[in-house]
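Below is one structure, written out as structure tokens; the observations come after it.
When a residue number appears, it is its place in the shown sequence, counting from 1. Counting starts at 1 for both ligands and their atoms, following the listed order.
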Amino acid sequence: MIPYGKQFIDEDDIEEVVKVLKSDFLTTGPKVAEFEKSLCLATNSKYAVAVSNGTAALHLAALVLFNENDEVIVPPNTFLASANAIIYANAKPIFCDILEDGNIDLDKAYELCENNPNIKGVVAVHFSGKPVDFKKLQMLKEKFGLKVIEDGAHALGMKGVGSVGDLTTLSFHPVKHITTGEGGAVITNNEELAKKVATLRTHGMTKEGFVNKDLAYDKHGNINPWYYEMQDLGFNYRITDFACALGNSQLLKLPNFIKKRKAIAKRYEEAFLKIEHIKPLYSYDENSSYHLFVVLIDFEAINKTKAELFNFMRENGVILQTHYIPVNAQPYYANLGYKYMDTPKAFKYYEQAVSLPIYYSLSELNQEEVIELIKIFLAR
Ligand SMILES: Cc1ncc(COP(=O)(O)O)c(C=O)c1O
């Protein structure tokens, strides 16, 4: 079977993980700090806090940046977690429609902010690895004083990721650019925010700035060595040391992973450019880190359904995906009063969008197979 995405693990990765399994540390140990340092280098940011998954990263980022009842802009064309995190923080998602490239329409976001003073933040998703318009995002941040989360789950290795967000989140799920099994991180240039995220990652526990002086210190004024203090309600969102060992090893391969993804994207582009009723979501973009390769297919024009394509491909060994069902179409959100028709472009996009296989170990031969099968389906 050829899936739409999958991890690539080599002997070096396995060796690094085994070393940790044979060491004294399984959960937080030296590999976590090493991974955080490598993530800073890879993303050009000052601080990184590695956590148990990308959703946890979004949860903590939203808690740190948003207040109860804040309204926060988010695109519907994203994974559930980008919007759910806003609700975790007792804030309210405002869905903003998308552009032709699948990314949030920041001009539309501007209009929303002009008409609604309760909007205090935005979760900007670099959909498929294509950067949102950073200039417009920065302008929104300054003009309306918005708190910005960049959801960079698709964007590791993309130039500029984290350059505007107060906090930027990453995911290391196996289909992403690199994997730690489950894993995620929050990156930032703000020391205070990084500290808050790190504290919330472990139950809100701290070993400094103690409030209970009588419990924290002995009669000589020395810190009691066992003492810790909880000043905030946090979670256990820690990542294991062996996951971070895998992350470190995977990060070394990131440039090659991206290179391969770009080569695959180019080949798809060339294959479909001259064919009717199918087109790449956007023309080849060197700035995209190509987590996904999405084509738009005019199913109405060919008088076929998307389900027919998915079934045909699966019968022939290829598993396609759709990124994404608009989040505001989910029953949970519908029950809260959201209507997916309020973001018609995201819905129209959804009807036509198909994610094709793209991952490091996809061979040219397998990609040719995918292309040929799609051509056959379109021509039938
Ligand atoms: C855009 C986006 N945000 C957030 C997440 C959540 O990441 P994780 O699966 O690591 O919790 C994902 C992953 O699927 C994603 O694609």
Checklist entry - What is the nearest protein non-hydrogen atom to atom 8 (P) of ligand 1, stated with its residue, atom name and distance? => result G54 N, 3.5 Å

Checklist entry - Taking the six-membered ring of F312 as reference, does the NZ or CZ atom of R380 fall below 6.0 Å from its centre and within a 45° cone about the axis? => result yes

Checklist entry - Without hydrogens or angle criteria, can the side chains of H59 and Y237 be said to hold a donor-acceptor pair below 3.5 Å? => result yes

Item to check | Atom indices of ligand 1, in the order listed, that fall short of 4.0 Å to a heavy atom of T78 | outcome: 1 (C)

Item to check | Donor + acceptor pair across side chains of N189, S45 (<3.5 Å) | outcome: no

Next on the checklist: When you compare the side chain of I319 with that of M313, does any pair of heavy atoms fall below 4.5 Å?
Outcome noted: no

Item to check | Ligand-side contact atoms (ligand 1) for residue partner S82, heavy atom cut-off under 4.0 Å | outcome: 3 (N)

Item to check | Option set T55, D151, V51, criterion heavy-atom distance to atom 11 (O) of ligand 1, minimum | outcome: T55

Checklist entry - Under a 4.0 Å heavy-atom limit, does L58 contact ligand 1 with its side chain, its backbone, both, or neither? => result side chain

Item to check | Test: K130 cationic atom under 6.0 Å from Y282 six-membered ring centre, within 45° of axis | outcome: yes

Checklist entry - Are any of the heavy atoms in G184 under 4.0 Å away from ligand 1? => result no

Checklist entry - Should you measure from each heavy atom of N53, which atoms of ligand 1 turn up under 4.0 Å away? => result 10 (O), 11 (O)

Next on the checklist: Measuring from atom 15 (C) of ligand 1, which candidate in A153, G183, G181 has the nearest non-hydrogen atom?
Outcome noted: A153

Checklist entry - For residues E71 and N116, is any side-chain donor paired with an opposing acceptor at under 3.5 Å? => result yes

Item to check | Q138: which of E142, K141, K135 passes side chain to side chain donor-acceptor pair (under 3.5 Å) | outcome: E142

Checklist outcome for this item: Counting from 1 in the order shown, the ligand 1 atoms closer than 4.0 Å to a non-hydrogen atom of Y324 are 16 (O)

Item to check | atom 5 (C) of ligand 1: nearest protein contact (heavy atom, Å) | outcome: F79 CD2, 3.7 Å

Item to check | Selected option - heavy-atom contact closest to atom 14 (O) of ligand 1, from E182, H154, H126, K176 | outcome: K176

Checklist entry - Which one of S128, S171, A81 has a non-hydrogen atom at the shortest distance from atom 7 (O) of ligand 1? => result S171

Item to check | Polar side chain donor-acceptor pair, S355 to H323, under 3.5 angstrom | outcome: yes

